[in-house]
2 protein chains.
Amino acid sequence: MEKKSIISRIIESGLKNTKPRVNIIDLLEQSDNLMTAQDIYESLRNNGVSLNLSTVYRSLDKLTENNILNKVMLEDGKQALYEYNHDIHHHFLVCKSCNKVKPIYSCPLDKYEKELEKKTNFIITGHRVEFYGYCKECQRKLKNNKTLI
Amino acid sequence: MEKKSIISRIIESGLKNTKPRVNIIDLLEQSDNLMTAQDIYESLRNNGVSLNLSTVYRSLDKLTENNILNKVMLEDGKQALYEYNHDIHHHFLVCKSCNKVKPIYSCPLDKYEKELEKKTNFIITGHRVEFYGYCKECQRKLKNNKTLI
DNA sequence: CTCAATGCAAACCGTTTGCATGCTC
DNA sequence: GAGCATGCAAACGGTTTGCATTGAG
């Protein structure tokens with residue numbers, strides 16, 4: 001994505017256009033993986049961008065509030081992950097060995113959600129789905145090591 | 001559940017039968033709601049059981065490891081919740097207003113999971129699903145207050 | 001008697017916050 | 001120039017850990 005469109009996305013949200021915000025969005029938009037605040041901080045520092053961890057957290061909060069980014073909490077609950085919000089509904093496939101997280105762009109829950117609303121009298125506004133298992137690479141590694149039960 | 005069967009469940013797992021463990025299992029088995037470590041700690045204290053928060057955490061760890069309890073991390077990621085493990089596959093319906101968590105004992109994902117395994121070459125060992133929304137009571141309250149957007 | 005479990009206090013670690021300074025609009 | 005954003009350091013809060021003591025098997 002061009003810097004210009006990143007900047008206009010920030011401004012349209014009513015936020016101020018600052019270097020840390022542009023850099024964070026740019027990084028996440030280009031990243032294949034979800035990243036933690038720490039990941040982002042280190043990655044930017046390593047690329048010569050000087051900024052503070054608390055700025056990263058504050059930026060992530062603002063950008064998540066404004067739907068430019070998504071915040072994701074996986075099962076372990078240790079630390080939050082962030083991704084650029086492409087506005088495409090999706091879920092995740094998480095490898096329990098290497099911890100890689102792959103997005104899945106199909107969702108089996110639409111009909112089920114409607115049924116559930118009727119059954120429970122809830123208004124359902126969203127859902128979260130994750131699949132846990134072992135990716136192809138780790139299956140191979142673990143088979144060789146015989147550590148996969 | 002009777003104390004006796006709680007104790008035998010502990011012993012069968014190879015753990016030692018101690019008061020904190022029996023009390024924690026007993027409490028969670030009878031609770032309608034998921035509880036945090038802090039909840040458990042306070043509830044037991046209020047019932048005259050003297051024990052330490054770190055004992056609660058250590059017990060919860062051991063009991064979760066041994067599948068007597070389940071540990072659940074919701075979207076906010078603030079604190080872990082625990083439930084007695086009835087060995088029935090289920091998911092949760094979470095009210096974003098009152099934070100109540102209701103188990104749902106149906107699951108729409110079995111077929112989908114198989115498809116996904118083929119498509120992605122993952123071995124899938126489990127999944128997690130939560131629905132977020134507003135429960136009947138909170139819908140009413142919020143409608144009156146006009147604070148539900 | 002041995003080893004696992006507990007109590008207590010201190011550490012941990014991801015995240016948040018208060019305050020002075022800087023920068024965007 | 002006004003008000004939001006940042007840097008820095010300190011606080012927070014849930015959870016974990018080291019160590020001496022207790023208690024189950």
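Values below: every heavy atom of this structure, side chains too, minus hydrogens, waters and symmetry copies. The chains referred to below are lettered A, B, ... by the order of the sequence lines, with proteins before strands, and numbering in each begins at 1.
At least one side-chain heavy atom of B/F92 sits less than 4.5 Å from a side-chain heavy atom of B/L34.
Protein atom CD of A/Q79 is 15 Å distant from nucleotide atom P of D/dT15, rounded to whole Å. Counting to the nearest Å, the P atom of C/dT24 and the CD atom of A/E12 are 19 Å from each other. Between the CE atom of B/M35 and the P atom of D/dT15 there is a distance of 14 Å, rounded to whole Å. Here the C1' atom of nucleotide D/dG14 and the NZ atom of B/K71 are 10 Å apart, to the nearest Å. Note: CD1 (A/I11) to P (D/dA5) measures 12 Å, nearest angstrom. Note: CG (B/N23) to P (C/dG7) measures 11 Å, nearest angstrom. Between the NZ atom of B/K62 and the C1' atom of C/dA5 there is a distance of 9 Å, given to the nearest Å. Taking atom CG on A/L53 and atom P on C/dT16, their separation rounds to 11 Å, with Å as the unit.
Distances shorter than 4.0 Å separate some side-chain N or O of B/T18 from OP1 or OP2 on C/dT6. Contact annotation: A/T55 side-chain N/O to D/dG7 OP1/OP2 distance is under 4.0 Å. Considering only side-chain N and O atoms, A/Y57 lies under 4.0 angstrom from the phosphate OP1 or OP2 of C/dT15. The side chain of A/N52 contributes an N or O atom lying less than 4.0 Å from OP1 or OP2 of D/dC8.
The side chain of B/R21 approaches C/dA5 more closely than any other nucleotide in the set C/dA5, D/dG18, D/dT16. Checking D/dG18, D/dT6, D/dT16 against every side-chain atom of A/R58, the shortest atom distance belongs to D/dT6. Minimum atom distance to the side chain of A/L51 is reached by D/dG7, of the listed D/dA24, D/dT15, D/dG7.
Taking for each of B/L15 and B/K78 the nucleotide of DNA chain D with the nearest heavy atom, the 5'-most of the two is the partner of B/K78. Comparing A/K16 and A/M73, the nucleotide of DNA chain C nearest to each residue sits closer to the 5' end for A/M73.
Donor-acceptor pairing under 3.5 Å is lacking for the side chains of B/T120 and A/K102. Between the side chains of A/N46 and A/S43, not a single donor N or O lies within less than 3.5 Å of an accepting N or O. Side-chain atoms of B/K96 and A/T125 form a donor-acceptor pair, as typed in the model, at a separation below 3.5 Å.
Counting atom types as modelled, A/S54 pairs a side-chain N or O with a base atom of D/dC8 as donor and acceptor under 3.5 Å.
Closest heavy-atom contact between B/L69 and B/Y84: CD2-CA, 3.9 Å.
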